[in-house]
*Asks:* 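Supplied in structure tokens, the structure appears directly below.
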Protein chains: 2
Amino acid sequence: MSQNKRADLIRKALLLFYRNGFHATGMDLVARETGVSKTSIYKHFRTKEELILAVLRLRDENFRNWLFRRMEELADTPQGQLLAMFDALEEWFHEDGFKGCMFIKASAEYQNPNDAINAQSYAHKRMLVDHFEALATQARADDPHVLARQLLLLKEGAIVIAAMSHSPEAAREAKSVATLLLSS
Amino acid sequence: MSQNKRADLIRKALLLFYRNGFHATGMDLVARETGVSKTSIYKHFRTKEELILAVLRLRDENFRNWLFRRMEELADTPQGQLLAMFDALEEWFHEDGFKGCMFIKASAEYQNPNDAINAQSYAHKRMLVDHFEALATQARADDPHVLARQLLLLKEGAIVIAAMSHSPEAAREAKSVATLLLSS
DNA sequence: ATCAACGTGTACTGATCGGTTAACTCAATC
DNA sequence: GATTGAGTTAACCGATCAGTACACGTTGAT
């Protein structure tokens, strides 16, 4: 299997797991929907867990690239970018296939701290907060570390409520709190 | 089966679903761990979904009772109670068996808006935010509706991050944001 | 003592779970 | 042209999935 086909498999598996959940998506369904036989899948991934980890790596890369790029497109100061994150989130919430955060869902289905899926899900959040902290430092915030973590709370809260309510308005509410945080 | 045994079954099933997840917990395990045979379980609940709905009803009742009571114990003004919510949350995060919010996890595993489990999970959040709004109104907030929803975002964000990071510190960070919100 | 009604547990259903076996295809090498 | 080896497939593995059929023991009424 070429690198292209492998990447294609991961991409298609991502959509399945994102839409249906991890436990609820069997490997037979993955094989059927991707057009790759189970034997071939298991040539490249020793277990379902390894496939999920590859999916999460792709999701992490895609999501961070998209979010950070969008923040830069929407604003040119560090403060502005941190605020613009919530505009980017609102765009995401409006997308047709929006079903919440894949990493929150992954850590909800694999709760054991020793589980690689659990660890990798939280690693994604740490990478996000590190970026926020760097921007907060550039913005000369009093306490960049705390500010970054507070913004993360708002972001995760907004994602969870947007997903559960099937409505994007949480993004604006979170942004208004963030505005207050960044002006104080 | 008496009402006691039925209630006992729901209580034990709650722990199993909370610890292991919904899809990952089979009905055979529920029967084994509760000491009630599958036949008896299915006499009272036509499907696994109905059992889960009963579990969620119990969880909703228990959690709201606990949270609202704890808020009242910790403070006597409406503002104080809204702030004290984050102290109550921190107590929860410190508990041994803390594994995040059952309703967030339920809606993560049952994402279809038409699914009763999904609807009931969001109903829990609406009941919480209604209580927050009543308190915010008593506290003479400028916009009690928006304030209540902002506090909900902070609460959900704190729960998600506390669960993913296996650390309770998110409660304090959320509280500091709430303090700012309630003083402005 | 007999019978009916009910609650329960054992053992089963077909389907699906994650994962594997063995046969097959086909291009590259000698 | 025979051989090899990587990539593919259908068929299968035991275990478990949600859910059910049925036999059994107990109970209360007659």
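Protein chains get the first letters and strands the later ones, always in sequence-line order, with residue 1 at the start of each.
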*Asks:* Provide, to the nearest angstrom, the distance between the CZ atom belonging to B:Arg32 and the C1' atom belonging to D:dT16.
*Replies:* 10 Å
*Asks:* Should we count CG of A:Asp142 as having more than 12 external heavy atoms under 6.0 Å?
*Replies:* no
*Asks:* Measure the distance from OH on B:Tyr42 to P on D:dA21 and round it to the nearest whole Å.
*Replies:* 13 Å
*Asks:* Atom CZ of B:Arg6 and atom P of C:dT8: how far apart are they, to the nearest Å?
*Replies:* 12 Å
*Asks:* Check whether any side-chain N or O of B:Glu109 sits under 3.5 Å from a backbone N or O of B:His23 as a donor-acceptor pair, and report yes or no.
*Replies:* yes
*Asks:* Taking donor-acceptor contacts at under 3.5 Å, does the side chain of A:Lys38 reach the base of C:dG19?
*Replies:* yes
*Asks:* Return the value, rounded to whole Å, for the distance between atom CZ of B:Phe22 and atom C1' of D:dA18.
*Replies:* 17 Å
*Asks:* Between A:Asp28 and A:Lys43, which residue's closest nucleotide on DNA chain D lies nearer the 5′ terminus?
*Replies:* A:Lys43
*Asks:* Salt-bridged, B:Asp28 to B:Arg32, with N to O below 4.0 Å?
*Replies:* no
*Asks:* Nearest to the side chain of A:Lys48, which nucleotide is it out of C:dG19, D:dT9, D:dA18?
*Replies:* C:dG19
*Asks:* On DNA chain C, nearest-nucleotide positions of A:Ala24 versus A:Thr39: which is more 5'?
*Replies:* A:Ala24
*Asks:* What is the distance, to the nearest angstrom, from the CD atom on B:Glu33 to the P atom on D:dT16?
*Replies:* 14 Å
*Asks:* Expressed in angstrom and rounded to an integer, what is the separation of B:Asn20 atom CG from D:dT16 atom C1'?
*Replies:* 15 Å
*Asks:* Using modelled atom types and a 3.5 Å cut-off, is there a donor and acceptor pairing between side-chain atoms of B:Gln111 and backbone atoms of A:Tyr18?
*Replies:* yes
*Asks:* Atom NE2 of B:His23 and atom P of C:dG18: how far apart are they, to the nearest Å?
*Replies:* 12 Å
*Asks:* Please report the distance, rounded to the nearest Å, between CZ in A:Phe45 and C1' in C:dG18.
*Replies:* 16 Å
*Asks:* On DNA chain C, compare the nucleotides closest to B:Gly35 and A:Met27; which residue's is nearer the 5' end?
*Replies:* B:Gly35
